[in-house]
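Note sheet for the following structure.
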Amino acid sequence: MKRFCTGLFILLKIFFYGSIVCMKQSQLFTKTRKEAPADETSKNAQLLIRAGFVHKELAGVYSYLPLGLRTLNNIVKIIREEMNAIGGQELFMSALQDKELWSRTDRWDDAKVDNWFKTELKSGGETGLGITHEEPLTRIMSEQISSYRDLPVYAYQFQNKFRNELRAKSGVMRGKEFLMKDLYTFSKDEESHMQDYNKVRGAYLKVFERLGIGDKTFITFADGGIFSDFSEEFQTLTESGEDIIYVHEGKKIALNREVYTDENLAKLGINREELVEKKAVEVGNIFHLGTRFSDALGLKYKDEQGNEHPVVMGSYGIGPTRLLGTIIETLSDERGMIWPKEVSPFHVHLVRLGVNEKTVEFADKLYSDLQKAGVEVLYDDRDLRPGEKFADSDLIGIPVRFVVSDKTVEQNKIEVKYRTKTDAEMMSEDEALSILK
RNA sequence: CGGAGUGUAGUGUAACGGCUAACAUUCCUGUUUUGGGAACAGGCGACUCUGGGUUCGAAUCCCAGCACUCCGACCA
């Protein structure tokens with residue numbers, strides 16, 4: 001019965017998440033390297049490049065290689081799950097943008113928005129690569145929403161955004177092309193907008209919790225924007241951050257330096273002495289948009305009485321690529337990266353030492369048993385010396401390491417070590433499997 | 001966009017204006033080795049960022065451009 005249940009569980013897992021992917025390191029086309037390029041000084045870029053997670057194309061432009069992509073996809077998966085959990089509907093909009101549409105909201109002019117990548121169309125006219133997607137989505141919604149019965153709507157996408165930054169910096173933390181999850185809420189009035197807004201806000205907190213940076217991430221009051229005293233942003237404490245924030249540990253909130261005034265502190269009922277100055281990176285932002293876009297682009301609905309109203313909107317962004325960098329900046333050590341369980345490119349790093357027949361047999365069988373159990377495993381089956389393999393393992397940062405060597409095979413055990421700990425433990429295969437649950 | 005710095009094998013560095021641009025590492029061949037980036041032997045790999053200039057002679061000096069990094073400004 002137990003076996004049947006386990007089998008069923010795995011089948012379900014495969015059904016829902018696609019096949020379990022495992023990999024032999026001897027076949028992985030990326031290599032690790034001892035030294036990072038001299039001109040790459042940010043910690044996240046150095047480690048990502050050394051471990052073969054990314055390749056730098058240009059300043060602020062990175063390609064994601066297999067290990068990097070798997071990690072990034074795990075971040076995306078977590079965000080997607082939390083957006084779906086609050087009723088978000090995923091779509092995928094174009095990167096190429098309609099100039100006419102953006103002119104209607106006065107956001108095409110270089111004097112108003114200066115970080116467009118624009119290009120001439122051979123057929124005549126001009127297009128630009130999407131910096132954000134309020135305009136196109138509002139237009140899409142104007143074809144779909146016409147009644148109060150159609151609201152609210154939460155729509156989101158994952159897409160590369162393009163911003164012609166004057167200066168890219170901090171590795172993947174601030175690029176010219178980067179992955180962004182952008183969600184937009186469409187509500188019938190201010191009151192229901194606030195409910196929708198708070199739902200997304202709650203989902204964001206869950207996302208950062210699952211990403212392993214929850215304790216370092218603070219909801220931070222920032223410059224107000226359109227119709228409130230403050231806007232809120234999510235700031236994660238790290239020395240590599242660009243923002244200065246003032247943290248209230250007790251209340252788990254913070255103020256951005258841009259709103260750090262006596263007047264605002266009074267409004268929030270906080271004393272200056274309770275706050276600590278810290279550097280942080282903005283990992284998420286949430287905005288009240290009011291009716292700015294719906295007014296400009298004619299997104300309206302009819303209420304119960306048949307009266308027409310503009311739709312009230314909100315927009316909410318999280319950058320998965322920036323999060324990847326933030327996790328490295330906050331959690332890595334001098335030996336390499338350390339991935340939280342749900343983010344790690346693999347669940348386990350199986351490291352085989354030596355090439356004795358029995359040892360190879362044991363490790364191969366364990367590899368296949370792990371796959372059968374639905375564990376995603378990176379199997380270091382290369383014939384290298386232990387030091388090099390351990391160094392690679394620490395650099396890549398999978399949270400759990402299983403070592404199989406002549407020594408362990410003799411005892412019919414596996415050496416289990418967590419990336420964050422210094423001591424290892426000998427376990428039977430069953431015990432080792434059970435800690436992965 | 002203002003300021004500063006740096007461009008030499010895949011990577012990290014060296015080379016007084018003067019020999020075939022050197023060393024380490026990576027990579028390839030082989031032998032030996034196997035619990036924290038081993039040892040030995042042999043080998044591949046560079047138009048010294050690009051374009052001009054000075055010079056008998058330029059990786060080296062000068063000018064221009066390009067790229068990258070850092071500080072600042074900017075970041076809906």
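FYI, side chains are in, hydrogens and waters are out, and symmetry mates aren't considered; it's all heavy atoms of this structure. Everything numeric in this text was worked out from a predicted model, so none of it was measured. By convention in this document, chain letters (A, B, ...) are assigned in the order of the sequence lines, proteins followed by strands, and residues within each chain are numbered from 1.
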ask   = Any donor-acceptor pair under 3.5 Å between the side chain of A:R50 and the base of B:rG10?
value = no

ask   = Between A:K56 and B:rU69, does any side-chain N or O lie under 4.0 Å from OP1 or OP2?
value = yes

task = Find out whether the Lys NZ or Arg CZ of A:K252 is both under 6.0 angstrom from the six-membered ring centre of A:F218 and within 45° of the ring's axis.
result = yes

message = Please evaluate residues A:E415 and A:K407 with respect to the criterion salt bridge (charged side-chain N to carboxylate O under 4.0 Å, His left out), reporting the C-alpha separation (whole Å), side-chain torsions for both, the decisive distance (0.1 Å), and the verdict.
response = CA-CA 10 Å; A:E415 183 189 285; A:K407 215 164 72 185; 5.1 Å; no

ask   = How is A:T132 classified with respect to the nucleic acid when contacts are heavy atoms under 4.0 Å: base, sugar-phosphate, or nothing?
value = base

ask   = Reckon A:N115 touches a base, only the sugar-phosphate, or nothing at all at heavy-atom distances under 4.0 Å?
value = base

request  = Would you verify whether the NZ or CZ of A:R70 falls within 45 degrees of the ring axis of A:F346 while also being under 6.0 Å from that six-membered ring's centre?
outcome  = yes

query = Relative to A:Y260, does A:R272 satisfy both conditions: NZ or CZ under 6.0 angstrom from the six-membered ring centre, and within 45 degrees of the ring's axis?
reply = yes

inquiry  = Could you tell me how far apart A:R382 (CZ) and B:rG37 (P) are, to the nearest whole angstrom?
reply    = 15 Å

inquiry  = By nearest atom, which of the nucleotides B:rG37, B:rC74, B:rC70 is closest to the A:D114 side chain?
reply    = B:rC74

request  = Tell me what A:S405 touches on the nucleic acid: a base, only sugar-phosphate, or nothing, going by heavy atoms under 4.0 Å.
outcome  = base

ask   = Can you tell me the Watson-Crick or wobble partner of B:rC27, both distances under 3.5 angstrom?
value = B:rG43

task = Tell me the partner of B:rU55, counting only Watson-Crick (N1-N3 plus N6-O4 or O6-N4) or G-U wobble (N1-O2 and O6-N3) with both under 3.5 Å; none if nothing fits.
result = none

inquiry  = Between A:R385 and B:rG37, is there a contact of a side-chain N or O with OP1 or OP2 at under 4.0 Å?
reply    = no

message = With a 3.5 Å limit on both atom pairs, tell me what B:rU13 is paired to, counting Watson-Crick and G-U wobble, or say none.
response = B:rA22

task = Taking atom C1' in both B:rC1 and B:rA73, compute the distance separating them and give it to the nearest angstrom.
result = 8 Å

request  = Describe the nucleic acid contact of A:E134 in one word from base, sugar-phosphate, nothing, applying a heavy-atom distance below 4.0 Å.
outcome  = nothing

message = Measuring only the P atom in each nucleotide, how far is B:rG43 from B:rC49? A whole number of Å is fine.
response = 28 Å

query = A:L353 side chain: which of B:rG35, B:rC74, B:rG12 is closest?
reply = B:rG35

remark   = Walking RNA chain B from its 5' end, the first of A:T422 and A:E57 to be reached, judged by nearest nucleotide, is A:T422

Worked verdict on A:Y204 versus A:F234 for ring pair (Phe, Tyr, Trp, His ring centres under 6.0 Å) = CA-CA 9 Å; A:Y204 269 37; A:F234 295 83; 5.4 Å; yes

task = Starting at atom CD of A:E40, determine the distance to atom P of B:rU6, rounded to an integer number of angstrom.
result = 19 Å

inquiry  = Please determine whether the number of non-hydrogen atoms from other residues, nucleotides or ligands lying under 6.0 Å from atom CD of A:E308 exceeds 12.
reply    = yes

ask   = Expressed as a whole number of Å, how far does the C1' atom of B:rG72 sit from that of B:rC28?
value = 48 Å

query = When only distance counts, do a donor and an acceptor, one from the side chain of A:D223 and one from the base of B:rA76, lie under 3.5 Å apart?
reply = no

request  = Please state how far atom CZ in A:R33 lies from atom P in B:rU13, giving the value in whole angstrom units.
outcome  = 13 Å

task = Look at atom NZ of A:K365 and say whether more than 12 heavy atoms of other residues, nucleotides or ligands are closer to it than 6.0 Å.
result = no

inquiry  = I want to check a possible cation-pi pair here: A:K118 against A:W108, using under 6.0 Å from ring centre and within 45° of the ring axis as the test.
reply    = yes

Base paired to B:rU60 (Watson-Crick or G-U; both N/O distances under 3.5 angstrom) = none

ask   = Considering only B:rG37, B:rA76, B:rG35, which nucleotide approaches the side chain of A:V403 most closely?
value = B:rG35

message = By nearest atom, which of the nucleotides B:rG35, B:rG36, B:rU34 is closest to the A:V355 side chain?
response = B:rU34

query = Does a nitrogen or oxygen in the side chain of A:R167 sit under 4.0 Å from OP1 or OP2 of B:rC71?
reply = yes

message = In this structure, how many angstroms lie between the P atom of B:rC70 and the CD atom of A:Q46, rounded?
response = 10 Å

task = Tell me what A:K407 touches on the nucleic acid: a base, only sugar-phosphate, or nothing, going by heavy atoms under 4.0 Å.
result = base

request  = To the nearest Å, give me how far apart CG (A:L289) and P (B:rA76) are.
outcome  = 13 Å

task = Take A:M173 and A:E329 through the side-chain contact (heavy atoms from CB on, under 4.5 Å) test and state the conclusion after the steps.
result = CA-CA 10 Å; A:M173 309 269 281; A:E329 295 289 339; 4.1 Å; yes

query = Has the side chain of A:R107 got a donor or acceptor that lies under 3.5 Å from a partner of the other kind on the base of B:rA76?
reply = yes

query = Using atom P of each nucleotide, how far apart are B:rU60 and B:rC16 to the nearest Å?
reply = 12 Å

key: C1'-based separation of B:rG17 from B:rU48 [nearest Å]   = 15 Å

key: B:rC71 and B:rC63, which share atom name C1', separated by this distance in whole Å   = 27 Å

query = Going through the distances and angles, do A:E134 and A:R107 end up as a side-chain contact (heavy atoms from CB on, under 4.5 Å)?
reply = CA-CA 11 Å; A:E134 281 86 2; A:R107 294 215 289 178; 3.1 Å; yes

Atom-to-atom span, CG of A:N256 to P of B:rC75 - whole angstrom = 12 Å

inquiry  = Give me the distance, rounded to whole Å, that separates B:rG5 from B:rA46 when you measure between the C1' atoms they each carry.
reply    = 24 Å

ask   = Which one, B:rU34, B:rG12, B:rG35, comes nearest to the side chain of A:D383?
value = B:rU34

Polar atom pairs between nucleotides 41-44 of chain B and protein, under 3.5 Å, N or O only, would you list them?
none

query = Is the number of heavy atoms from other residues, nucleotides or ligands under 6.0 Å of A:K251 NZ greater than 12?
reply = yes

task = Could you check whether A:R322 gets within reach of a base, just the sugar-phosphate, or nothing at all, counting any heavy atom under 4.0 Å?
result = nothing

key: Pair assignment for B:rG2, Watson-Crick or G-U wobble, requiring both distances under 3.5 Å   = B:rC71

note = Mate of B:rC66 across any strand shown (Watson-Crick or G-U wobble, both atom pairs under 3.5 Å) is B:rG7

Candidate pair A:H55 and A:Y62, rule ring pair (Phe, Tyr, Trp, His ring centres under 6.0 Å), full reasoning = CA-CA 6 Å; A:H55 168 79; A:Y62 292 84; 8.8 Å; no

Return the polar atom pairs (N/O with N/O) between nucleotides 21-31 of chain B and the protein under 3.5 Å, or none.
none

Base of B:rG37 paired with side chain of A:D392 (donor-acceptor, under 3.5 Å) = yes

remark   = Here the distance between atom C1' of B:rC70 and atom NZ of A:K43, to the nearest Å, is 18 Å

ask   = Starting at NZ of A:K389 and ending at P of B:rG37, how long is that distance when rounded to a whole Å?
value = 15 Å

query = Reckon A:S393 touches a base, only the sugar-phosphate, or nothing at all at heavy-atom distances under 4.0 Å?
reply = nothing

task = Please state the C1' separation for the pair B:rA58 and B:rG18 - nearest whole angstrom.
result = 10 Å

task = Would you classify A:A59 as touching base, sugar-phosphate or nothing, given that sugar-phosphate means primed atoms plus P, OP1 and OP2, and contacts are heavy atoms under 4.0 Å?
result = sugar-phosphate

ask   = Can you tell me if A:Y379 and A:D364 form a side-chain donor-acceptor pair at under 3.5 Å?
value = yes

message = Is it true that A:Y316 and A:D196 share a donor-acceptor pair across their side chains at a distance under 3.5 Å?
response = no

